[in-house]
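To start, the structure itself, in structure tokens.
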Amino acid sequence: AVEGEIKKAVQQAHLSFRQGKTRPLERRRHFLRQLDLFLVDKKEDILQALADDLHKPRGEGIAYEWMTLRSSIQHVLQHLSGWAKPRSVGKAVINVLDTVQIVPEPLGVVTIISPWNYPFELLLSPLIGAIAAGNCAVLKPSEVSSSTERVLAENLHKYLDKVSGHSLSSATLL
């Protein structure tokens, strides 16, 4: 049953990518703003989960997980347009009459597996990059950080496209 859920989640992510749902820059900005809204709306739940799972003091949770993620999102939103623009590069003799550019393109679907020690930051920070790049992601929170896993499973899907709430072991996912 769990393997079937994994397969379904990965297939759905591939389908979303093939349909181009994550390619437009405005869509990426929307997802990033939604992720930021999740952090703002669920701040107290996030900090409580960090306290429950890791006995992390409130100030540490704010400084090293919550604020770090919000700052990253703001930084990405500020620079996304520039990062997504094609860049001209030097020409060789063979292509002197051509237009030569590096065009940033999304690659597809990424899997993000979080460790237990910074369970929000080390799951959502790579997600910020994946979203900015126009990729889809399958998320695997640490099963060791059960309160964090619960907050994500119960809430993240309300802000972003469907997220599986089932607890999967990393070995099963890979």
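Predicted model only: the values in this text are computed from it and were never measured. Below, all heavy atoms of this structure are taken into account, side chains as well, without hydrogens, waters or symmetry copies. We're numbering straight along the sequence, starting at 1.
- Heavy atoms from other residues, nucleotides or ligands lying under 6.0 Å from NZ of K85 number 12 at most.
- The minimum heavy-atom distance between I112 and A137, with the atom names listed, is CD1-CB, 4.1 Å.
- Side-chain contact between P119 and L54 is present, with at least one heavy-atom pair separated by less than 4.5 Å.
- No continuous path of hydrophobic side-chain contacts links V151 to L122 [ILVMFWY only; heavy atoms under 4.5 Å].
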CA sep, side-chain torsions, deciding dist, call: L37, R33, side-chain contact (heavy atoms from CB on, under 4.5 Å):
CA-CA 6 Å; L37 185 59; R33 287 192 290 273; over 6 Å; no
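- No side-chain heavy atom of L39 sits less than 4.5 Å from a side-chain heavy atom of F120.
- Minimum heavy-atom separation, G61 to L50: CA-CD1, 3.9 Å.
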Criterion side-chain contact (heavy atoms from CB on, under 4.5 Å) on R58 and E44, from CA distance to verdict
CA-CA 9 Å; R58 181 178 176 80; E44 295 307 318; 2.8 Å; yes
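- Y118 and I113 are assigned to two separate hydrophobic clusters, defined by single-linkage of ILVMFWY side chains at heavy-atom distances under 4.5 Å.
- Scanning both residues, G90 and V100, for their nearest heavy atoms gives O-CG1, 4.1 Å.
- Considering NE2 of H30 and CD of Q34, their distance stands at 4.5 Å, rounded to 0.5 Å.
- Side-chain contact check for F38 versus L152: some heavy-atom pair is nearer than 4.5 Å.
- Remark: side-chain polar atoms of T148 are not paired, donor with acceptor, to backbone N or O of I46 under 3.5 angstrom.
- Distance CD/Q12 to CD/Q19: 7.5 Å, rounded to 0.5 Å.
- The pair K43-E65 does not meet the salt-bridge criterion, since no charged nitrogen lies less than 4.0 angstrom from a carboxylate oxygen.
- Between H79 and H75, the two ring planes are tilted [angle within 30° to 60°].
- A continuous path of hydrophobic side-chain contacts links F31 to V110 [ILVMFWY only; heavy atoms under 4.5 Å].
- Looking at V76 and I131, their side chains never come closer than 4.5 Å, going by heavy atoms from C-beta outward.
- Note: L127 CG to L156 CG = 7.0 Å, rounded to the nearest 0.5 Å.
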Worked verdict on Q74 versus Q78 for side-chain contact (heavy atoms from CB on, under 4.5 Å)
CA-CA 6 Å; Q74 295 311 313; Q78 193 172 37; over 6 Å; no
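- Looking only at side-chain heavy atoms (C-beta outward), E149 and S114 stay at 4.5 Å or farther from each other.
- In terms of heavy-atom proximity, Q101 sits nearest to V89 at N-CG2, 4.3 Å.
- A donor-acceptor pair is defined here as one N or O able to donate and one able to accept, closer than 3.5 Å; no such pair exists between the side chain of T111 and the backbone of V138.
- Atom OG1 in T68 sits 11.0 Å away from atom CD1 in I73 (nearest 0.5 Å).
- The closest side-chain heavy-atom distance from Y159 to D41 is below 4.5 Å.
- T22 approaches C136 most closely through the heavy-atom pair CG2-SG, 3.6 Å.
- By the 4.5 Å heavy-atom criterion applied to side chains, D36 and R70 are counted as neighbours.
- In this structure, R28 contributes its side chain and A132 its backbone to a donor-acceptor pair below 3.5 Å.
- For residues 101-130, every residue pair satisfying the salt bridge (Lys or Arg N to Asp or Glu O under 4.0 Å) rule, not counting sequence neighbours, is listed here: R23-E105.
- The same ILVMFWY cluster, assembled from side-chain heavy atoms under 4.5 Å apart, contains both L35 and L69.
- Looking only at side-chain heavy atoms (C-beta outward), P106 and F17 come within less than 4.5 Å of each other.
- Note on L139: it does not cluster hydrophobically with L15, by side-chain heavy-atom contacts below 4.5 Å among ILVMFWY residues.
- A donor-acceptor contact shorter than 3.5 Å links the side chain of N135 to the backbone of G108.
- Shortest non-hydrogen contact noted between N117 and K56 is O-NZ, 3.4 Å.
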